[in-house]
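Basis for what follows: all heavy atoms, side chains included, without hydrogens, waters or symmetry-related copies.
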Amino acid sequence: MRKHILFLLAAVLLPLAINAQDVFMAYIVDNDGPVTNIRNAPRGKVVATLPTDKAFAVTLLSAKGEWWKIDDVVDQYGDDEMEYVLRDSKTGYWIHRSLLQFSIAGDPKGALRATPSAKGKAVKITGEPYFHPIAIKGKWLKAVSTDGKCTGWIHRDRICSNPLTTCP
């Protein structure tokens, strides 16, 4: 009986621990109209909209091509900070990679790596210091600079997902 309880406890808590450590956030940057569309699938039906005159951050869950599945809780930054809870989708919430952005917390030198490892060769950052997410591997996020000049991996501890600060 005790083994069964421990097994059940491990089965429930292990996925939570994995998800908690591999959380990545990005902010939304959308200059094409009054709202940002959130879809129920890549290229799917619009199930929610967020006003583009507000600053929002989302939790990245997984990627499918150039589309990111995001958590149903969206953080709004600024003077009127709050959380939006997305509803009305049974298949999740998706946003295109081009609308997601983050910067590097602290000194950007050495933050971008050729491989998802602290031992990976450093990639020199030239041009824009802002990035779009591409893929997740453990505690590393593969990203491309918004101007397309740099691609590499960044550890989640170096990601700044607050659009209103530069993060320490």
Can you name the nearest heavy-atom pair linking [X] to [Y], along with the distance?
X    : Y    : answer
I136 : W153 : C-CZ3, 4.4 Å
K64  : W94  : CB-CZ3, 3.7 Å
P163 : A55  : CG-CB, 3.6 Å

Side-chain contact, heavy-atom cut-off 4.5 Å: [X] with [Y]?
X    : Y    : result
L50  : Q76  : no
F56  : P51  : yes
F102 : L141 : yes
E81  : D75  : no

Please tell me whether [X] and [Y] are part of a single hydrophobic cluster in this structure, the criterion being side-chain heavy atoms less than 4.5 Å apart.
X   : Y   : result
Y84 : L60 : yes
V29 : V74 : no
Y77 : V85 : no
F24 : I95 : yes

N/O donor to acceptor pairs below 3.5 angstrom from side-chain atoms of residues 104-114, sequence neighbours left out:
from	atom 1	to	atom 2	distance (Å)
D107	OD1	K109	N	3.1
R113	NE	G110	O	3.1
R113	NH1	G120	O	2.7
R113	NH2	G110	O	3.3

Straight-line distance of [X] [atom1] to [Y] [atom2], nearest 0.5 Å:
X    : Y    : atom1 : atom2 : answer
L164 : Y27  : CG    : OH    : 9.5 Å
D72  : Y93  : CG    : OH    : 6.0 Å
D79  : K54  : CG    : NZ    : 9.0 Å
K139 : S117 : NZ    : OG    : 12.5 Å

I'd like a table of donor-acceptor pairs (distance under 3.5 Å, sequence neighbours excluded) in which one partner is a side-chain atom from residues 122-135, with atom names and distances.
from	atom 1	to	atom 2	distance (Å)
H132	ND1	R97	O	3.3
H132	ND1	L100	O	2.7

Can I get a per-line list of side-chain donor-acceptor pairs under 3.5 Å for residues 30-43, giving both atom names and the distance, sequence neighbours left out?
from	atom 1	to	atom 2	distance (Å)
D30	OD1	D32	N	3.0
D30	OD2	T36	OG1	2.9
R39	NH1	G44	O	2.7
N40	OD1	K45	N	2.9

So, the side chain of S145 versus the backbone of K149: is there a donor-acceptor pair under 3.5 Å, distance only?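 Indeed, once roles are kept as given, a pair shorter than 3.5 Å links the two residues.
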Apply side-chain contact (heavy atoms from CB on, under 4.5 Å) to L86 and V47, showing your working. CA-CA 8 Å; L86 302 174; V47 292; over 6 Å; no
